[in-house]
Number of protein chains: 2
Amino acid sequence: MAITIMDVARHAGVSPSTVSYAISGKRPISPSTRARIDKAIVALGFTANAGARALATSQTMVIGLLTQFHQDEFAPAMLQYVLPVSDTARELGYDILLVTETDATGALRRVTGTGMVDGVVLLDVVHEDPRLDTLRAAPQPGALVGLPKRTEGLDVFDLDFGESARILVDHLHALGHREIIVVSPPRHVFDRGGAYGWRFRDAALERGARYGLQIHPYYGEAQQPAIGLSINAILDARPTATALIVHNDATIAALPSVLATRGTRVPDDLSVVSLYSKDFGRAFSLPYTAVESSPDQLGQQAVRQLVRRIAEPELAGAPVTRFIAPDLTVRGSTR
Amino acid sequence: MAITIMDVARHAGVSPSTVSYAISGKRPISPSTRARIDKAIVALGFTANAGARALATSQTMVIGLLTQFHQDEFAPAMLQYVLPVSDTARELGYDILLVTETDATGALRRVTGTGMVDGVVLLDVVHEDPRLDTLRAAPQPGALVGLPKRTEGLDVFDLDFGESARILVDHLHALGHREIIVVSPPRHVFDRGGAYGWRFRDAALERGARYGLQIHPYYGEAQQPAIGLSINAILDARPTATALIVHNDATIAALPSVLATRGTRVPDDLSVVSLYSKDFGRAFSLPYTAVESSPDQLGQQAVRQLVRRIAEPELAGAPVTRFIAPDLTVRGSTR
DNA sequence: CTGAAAGCGCTTACAG
DNA sequence: CTGAAAGCGCTTACAG
């Protein structure tokens, strides 16, 4: 049906292999032959069949993107990761197969087993992620966004949550705050093994202890109206606290309206700092001083490393675990 | 490298074709043969190579999902469409190739030309969408989400924005409101040809005129702080208006905080109605009576129709343009 | 500089 | 009920 390399060859009066070489540039072609081939390609509107090429080369030029949408997750945060991965992949010549199935392990087995992809990026990796065994057994390489318990043999990329917490505590400490509330992700994130929760919280506690600060850690909520109720309860319970560190997407997104309703002014009544990306902050109009969570850098680095491993396995070297250095953006929400 | 149908055949002591038939079920296999084949498949961990299968059958079992991310777009709204499309596709046995390139037309040509996909879903279709000519020329079928000017030969799915506007005007009219503000999408959405903008606004104006209401249409903004400034300016300019219809994702998301800051109470000082999806409302904790924008239904219907056209082209019939019937959810934001 | 041929791993008429 | 063979549309050693 569609037009093939045979059609182009006939039209140009050469053999199919010559057309193939002309396209790939893998061997010299005389100018006149090349011209005829180019003309034929344009005239017939030829594009090489991806399946045939994949079969012949064992390369699909497709990367699988494995997302996880927990039912209780704050959805708007996900797209920030998907887009940079997709854009970086395309820059490097790869397309993205988006895999959103609930049965993530089965899905991973499927896309690697069928050879649909040359490699995979796993998003939202948790402490004991069931996908990792499957990934290790797969013939294709993979890159993780999110730090699991065991990183052996895997390329891992994550924000440095510990350092992020220390930067925020340092910032508040330098301003003279002595009693600080920390709102973590919801409890179920900890239960599920989202290590970023305790990595951030524990670092904040430790740093606070070193300075002799009072740090009050709380689990946050993921949805309204629970968010508003919990913030109000926490602030009521800690009337002498002067600063709030929010490490919770849903809570920080709702915070402006929660505080406005409560009549709490930032930074006059309360200093607020957080951790979110530029895009997220813009979407939700967040005015808070925050560590940039850099989903674009994470996605980009993961894809680049993955492609390196796909393209030149021998040169890619030992597995890496890379933490993005946090970057504080001051927005005047602290006093 | 990976294990093939030949390996399975050898292991089971049958021919490769028999293995293929056993897997596809396209011809009867004796119980004992079938048992040996099944055992071999499990023992070797065989999964058919997708590229080879695609080449042999000219079916990839992949659907291309063409998204458009306008730089000024309100990103959190996009994922609502992506997920239902992906989930529905998987239910029907298809994977999703996610295409996010800025050069949407070129990308569409690429994925259809290489035969990477069996069909495509175009998201966020505008009035004069440059992708449509390419789609019409492609050998694969496509389904649109969003109504273009010319629908010839295409399957189109969209919310009934006209009816949505009428339902909201009717609702306010029945409550006795006589002067109503309508906030539309940003002007650049109209400029770009996002027909949902004027379909909604014009229907609201027409309906209002029929009842003898005063309807004040305004373009909304897409980002803070412009959103807050514009809402404040509009409300100041129309002090006698008693109701606000918001057809603008970014504005409705910011409205609770804008109104709280302003000291405007809903519904005591102002009745507010809008148009957004359940998930969107939950993510942003929106308390407004609204028409449900049903991205899940749109995505699902588009994929189902597309798969019908892929699987049985002759039975799929003439192209359809289908409008989802709007559904009002009353949340008590009107008086 | 170019061509003929084998092969990638499946599916599916064609035979029996 | 099963097998041998052709073919899907490319790529790439092998020859010249």
Side-chain angles (χ1 to χ4, degrees), chain A residues 1-38 40-41 44-62 93 110 112-118 139-140, chain B residues 1-38 40-41 44-62 93 110 112-118 139-140:
Chain A
M1 198 66 253
I3 108 109
T4 74
I5 206 171
M6 232 346 251
D7 301 318
V8 175
R10 257 195 297 264
H11 191 104
V14 297
S15 77
S17 60
T18 299
V19 175
S20 176
Y21 282 116
I23 293 171
S24 69
K26 288 194 179 167
R27 80 180 183 190
I29 305 286
S30 77
S32 82
T33 303
R34 154 141 279 143
R36 291 206 312 287
I37 291 176
D38 287 351
I41 288 176
L44 302 178
F46 169 75
T47 317
N49 179 275
R53 183 172 274 177
L55 185 55
T57 62
S58 344
Q59 286 219 132
T60 63
M61 300 308 286
V62 173
R110 182 169 55 79
T112 55
T114 55
M116 299 181 84
V117 299
D118 293 338
Q140 297 96 335
Chain B
M1 198 66 252
I3 108 108
T4 74
I5 207 172
M6 237 337 258
D7 301 319
V8 175
R10 259 195 295 265
H11 191 105
V14 297
S15 77
S17 59
T18 300
V19 175
S20 176
Y21 283 116
I23 292 171
S24 68
K26 288 194 180 167
R27 81 180 182 190
I29 306 284
S30 78
S32 81
T33 303
R34 153 141 280 143
R36 291 206 313 286
I37 291 176
D38 288 349
I41 288 176
L44 302 178
F46 169 76
T47 317
N49 179 275
R53 183 172 274 176
L55 185 57
T57 62
S58 348
Q59 287 219 132
T60 62
M61 300 308 286
V62 173
R110 182 169 54 81
T112 55
T114 56
M116 298 181 86
V117 300
D118 293 338
Q140 297 96 335

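To find a chain, count down the sequence lines: A is the first, B the second, and so on, and within it residues start at 1.
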Starting at [atom1] of [X] and ending at [atom2] of [N], how long is that distance when rounded to a whole Å?
X     : N      : atom1 : atom2 : answer
B/R27 : C/dC14 : CZ    : P     : 13 Å
A/D7  : D/dG9  : CG    : C1'   : 10 Å
A/Q59 : C/dG7  : CD    : C1'   : 17 Å

- Item | Pairs flagged by salt bridge (Lys or Arg N to Asp or Glu O under 4.0 Å) wherever residues 4-15 of chain B is involved - sequence neighbours left out | B/D7-B/R10
- Task: Please determine, for the side chain of A/L55, which listed nucleotide (D/dG9, C/dA13, C/dG3) has the closest atom?
- Result: D/dG9
- Output every pair passing side chain to side chain donor-acceptor pair (under 3.5 Å) with a member in residues 18-27 of chain B, not counting sequence neighbours, ordered by first then second residue. B/S15-B/T18
- Message: Give me the stems containing DNA chain D, sorted by first residue, counting only three or more consecutive Watson-Crick or G-U pairs with both distances under 3.5 Å; say none if there aren't any.
- Response: C:1-3 with D:14-16, C:5-12 with D:5-12, C:14-16 with D:1-3
- Taking side-chain contact (heavy atoms from CB on, under 4.5 Å) as the test, write out the residues that go with A/S58, two or more places apart. none
- Query: Does A/V62 reach the side chain of B/M116, with side-chain heavy atoms less than 4.5 Å apart?
  - Reply: yes
- Query: Any donor and acceptor pair, going by atom type alone, linking the side chain of B/T60 with main-chain N or O of B/A54 inside 3.5 Å?
  - Reply: no
- What one should report as the nearest heavy-atom pair of B/M6 and B/P16 is SD-CG, 3.4 Å
Polar atoms only, N or O, under 3.5 Å: list the protein pairs with nucleotides 10-12 of chain C and their distances.
| residue | atom | partner | partner atom | Å |
| --- | --- | --- | --- | --- |
| C/dC10 | OP1 | B/N49 | N | 3.4 |
| C/dC10 | OP2 | B/I5 | N | 2.7 |
| C/dC10 | O5' | B/N49 | N | 3.4 |
| C/dT11 | OP1 | B/R53 | NE | 2.8 |
| C/dT11 | OP1 | B/R53 | NH2 | 3.1 |
| C/dT11 | OP2 | B/S20 | OG | 2.5 |
| C/dT12 | OP1 | B/K26 | NZ | 3.4 |
| C/dT12 | OP2 | B/K26 | NZ | 2.9 |

- Item | Straight-line distance of A/I37 CD1 to A/I23 CD1, nearest 0.5 Å | 8.0 Å
- Pairing residues for B/R110 by the salt bridge (charged side-chain N to carboxylate O under 4.0 Å, His left out) criterion, not counting sequence neighbours: A/D95, B/E101
